[in-house]
Each structure stands twice: as C-alpha cells, then as structure tokens.
Amino acid sequence: MFHPFQVEQFLSEYEQDVEYHVAESGVHPMTLSELLEIAGMEPDGLGDVLLNYPEVNGTLALRQNIAALYEGATPDNVLVTVGASEANHVVSSALLEPGDEVVAFRPTYQQLPGNAANLGVQVETVGMTEENHWAIDTSELEARVSDKTKFIHVVNPNNPTGHILDEGERSAIIRCAEKSGAWIVADEVYAGTEREQNHETPGFWGDYDRVIAINSMSKAYGLPGLRLGWVVAPEEQITAFWRRHEYVNISATMLGMVLAEKALSAEVRPKIIERSRRLIRVGFDNLREGLGVHPGVFSVVPPQASAMSFVKYDLPVDSLTFGKRLITEKKTVVIPGSCFGMENHFRISSALPEDYLNEALRRINELVADVLSGR
Ligand SMILES: Cc1ncc(COP(=O)(O)O)c(C=O)c1O
C-alpha cells in the first residue's frame with residue numbers, strides 16, 4: 001500500500017489559489033541580492049561561475065564548511081544532496097531492508113517514516129505529549145525499540161511543534177539506540193532557529209557512533225530555493241548514500257554550492273542565523289496576539305524553535321474542513337493537523353513579514369467568527 005506524503009499532497013493540491021500562504025515551515029526566504037549583501041559578495045563575481053556539473057558529492061570547499069559544523073567530522077563524512085529531502089531519500093533507500101523496523105515520533109515530518117512504510121518496513125510510532133510541552137514519551141520509546149529497529153528517526157527541533165529535546169530525552173534516545181544497535185537518523189534542519197534561547201540546539205553527531213545527521217539551507221538559513229542539503233555520517237555510510245545519490249540526481253547545483261559555501265562560512269553564517277531568529281521571535285509574538293482575538297478558541301505550546309507553531313483549536317469542525325474552508329473562503333492556507341495524524345490542530349508559519357502575517361491572522365479569525373456563528 002502506498003502512503004502519500006500528506007503535507008506535500010495537501011499543499012500541491014490546494015496552495016495555488018491563495019493570497020496568504022502561512023503553511024510553509026521555514027523563515028521568510030531571502031532574495032539573492034539580500035544573500036549577496038549579507039555575504040559581502042559582488043553580484044558580478046557570480047558571472048564567473050562555470051555552470052558545469054559540480055563534484056558529485058559536493059565541492060570540497062563546501063564540504064569543508066559543512067564538516068566544520070560537526071566536531072571531529074572531515075569532508076569525507078559529508079555528502080551534499082538536493083535538499084534534506086534527497087538526504088532523507090538516500091538514507092532510507094540505503095539503510096532499509098525487508099524485515100527492518102523504524103521508530104519515529106508523532107507528530108513529525110513524514111518523509112522518512114513515509115519512505116520506510118512505502119518500502120514495506122514497519123514503522124513504530126512514539127507519541128509526543130502536548131500537555132507535557134510536546135516532550136517525547138520515553139517509556140513508550142523503550143517499548144517500541146527492538147532488535148529489529150534499523151534506526152530511530154528524530155527531527156530536532158521538531159516539525160511541527162518546535163520542541164527541542166532536553167538532556168533526558170536525548171539520553172533516552174541514545175540509550176535505546178545503543179541497546180538495540182540502531183542508528184539515530186537526526187534531521188536537524190531547524191537547529192539555529194531557536195526562539196527562546198541563544199545557544200544552538202546540539203546535534204547528535206559525536207554523542208553516539210551510529211549517527212546520521214541531516215541538514216539543509218532551507219529552514220534556519222531561509223534559502224530553500226538553493227535546493228541544497230547534506231548528510232553527515234561515517235565514511236562507509238556516506239559511500240552507500242553517494243551511490244544512491246548518483247542514481248537520483250547526480251549532484252546538487254553548482255550555483256547552490258557556491259552560495260551555500262559562502263553562507264556557511266564562519267563570518268556569514270552567524271549573520272544569517274541572526275536574521276532568521278529576528279523573524280522567528282517577532283513573528284511568534286504577532287501570532288500569539290492574533291490567536292488571542294477569540295478567547296478560548298486557540299491554544300499553543302510556544303515553540304522553543306522553528307518558524308512555525310502547531311496550534312490547537314476548540315471549534316466544531318475537523319481540521320481538513322477548516323483548512324479547506326480557509327482556502328476557499330479566505331484565500332489563506334495553513335496545514336491541517338490531520339496531515340500529521342492529529343485532529344483539531346493546524347500548523348502555521350509565523351516567521352514572515354509582519355503585515356503579511358497579520359492579514360493572514362485576520363482572515364483566520366474571520367473564519368472562526370463564521371464557524372462560531374454557525375455559518
Ligand atoms: C524536518 C524537515 N526535514 C526536511 C525537509 C526538506 O527540506 P529541503 O528538502 O527543502 O531541504 C523539511 C521541509 O519542510 C523539513 O521540515
């Protein structure tokens with residue numbers, strides 16, 4: 001049985017005809033000029049870039065900048081991919097075999113567990129508890145991990161809740177992986193988007209020897225259009241992923257690599273992270289205010305990181321109907337909770353220009369008024 005990628009399916013089917021798109025999960029993207037200015041690059045310099053195939057596994061200069069973000073890693077531990085999406089794809093296709101199991105959390109970004117299910121692999125789900133600020137249920141985790149578990153999939157900080165694993169949760173995950181010999185596949189695309197703290201979410205690399213770390217330019221850096229991501233892993237696994245990468249895409253793009261190399265340099269990276277955090281912090285304050293217009297309808301566990309919130313609502317309407325009505329009646333799109341397997345929620349992004357976000361919130365509140373008055 002094929003399991004569709006629910007968030008992406010919802011967006012591709014319904015997002016075309018909207019005026020306010022608050023369904024994305026990254027910070028408001030940068031223009032090329034903005035990036036060049038932050039990076040101190042002359043636009044003319046780009047004219048000399050040869051638009052040839054780059055090194056298939058990523059240019060050495062880019063892999064060096066990526067490796068520098070992971071203690072003890074070298075460029076040989078890095079494979080550059082077309083976004084974290086391709087990284088998720090090559091990791092699942094290289095690691096998973098019939099009879100394996102995968103452990104994933106709920107709610108989460110569905111791509112990797114979805115890939116696993118589509119390969120016929122059993123996916124065991126562990127809940128994150130809203131009443132407990134979206135903490136993972138560690139006793140359920142212990143019960144779900146077995147000798148068959150090929151990897152534990154972690155999105156940290158989490159999409160859609162923005163939850164950052166604390167020390168206790170991290171050590172429970174490592175302890176369970178160690179006990180069963182499982183890999184930890186850590187999708188860390190939201191590291192750097194911290195809202196409540198200034199230190200970056202620590203990655204899993206270096207804390208356990210079977211870690212595969214995935215990241216990309218799309219979320220914390222506001223550069224999804226570069227279509228550039230990466231995997232960091234032990235060399236043997238990098239080789240296995242590289243062989244799959246050759247089949248899928250050959251390589252990421254030359255321009256993407258040139259620009260990502262600059263963006264990830266020690267001088268430029270902190271400036272980009274600062275821009276993202278500014279948008280995230282102001283955006284969430286606006287969101288919180290907008291959600292207070294109809295008291296008692298919305299509640300949200302403030303995300304510790306990420307550019308989005310997973311909002312709970314108390315209205316007599318299911319999340320898919322709410323999402324579809326918002327599109328057709330108010331030309332505004334959010335992601336229904338049902339796409340994450342959770343009713344009476346929606347995911348909304350708020351790291352957006354203030355006027356844009358506020359108008360989207362006004363339209364959401366208009367729909368709430370309609371629903372409350374029985375329309
Ligand atoms: C947790 C997570 N991982 C991976 C991706 C894919 O990102 P990209 O392919 O743009 O790097 C996304 C995009 O929404 C995401 O939220």
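Every number for a ligand or one of its atoms is a count from 1 in the order of the listing. Below, all heavy atoms of this structure are taken into account, side chains as well, without hydrogens, waters or symmetry copies.
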* Sorted by first residue and then second, give each side chain to side chain donor-acceptor pair (under 3.5 Å) pair with at least one member in residues 295-309; sequence neighbours left out. => His163-Gln304
* **Partners meeting side-chain hydrogen bond (donor to acceptor under 3.5 Å, both in side chains) with Thr201 (sequence neighbours left out)** => Glu194
Would you give me the side-chain donor-acceptor pairs under 3.5 Å for residues 214-224, sequence neighbours excluded?
residue : atom : partner : partner atom : Å
Asn215  : ND2  : Glu188  : O            : 3.0
Ser216  : OG   : Ser218  : N            : 2.9
Ser216  : OG   : Ser218  : OG           : 3.3
Lys219  : NZ   : Ser25   : OG           : 2.9
Tyr221  : OH   : Arg269  : NE           : 2.9
Tyr221  : OH   : Arg269  : NH2          : 3.2

* Find the distance between CD (Gln237) and CH2 (Trp242) and round it off to the nearest 0.5 Å. => 14.5 Å
* At a heavy-atom distance under 4.0 Å, which protein residues reach ligand 1? Sort them by chain and number, would you? => Ser25, Gly83, Ala84, Ser85, Tyr109, Val155, Asn159, Asp187, Val189, Tyr190, Ser216, Ser218, Lys219, Arg227
* To do: Evaluate the ring planes of Phe151 and His153, with Trp represented by its six-membered ring, and classify them as parallel (under 30°), tilted (30 to 60°) or perpendicular (over 60°).
  => perpendicular
* Should Arg175 and Glu178 count as an ion pair when the cut-off is N to O under 4.0 Å? -> no
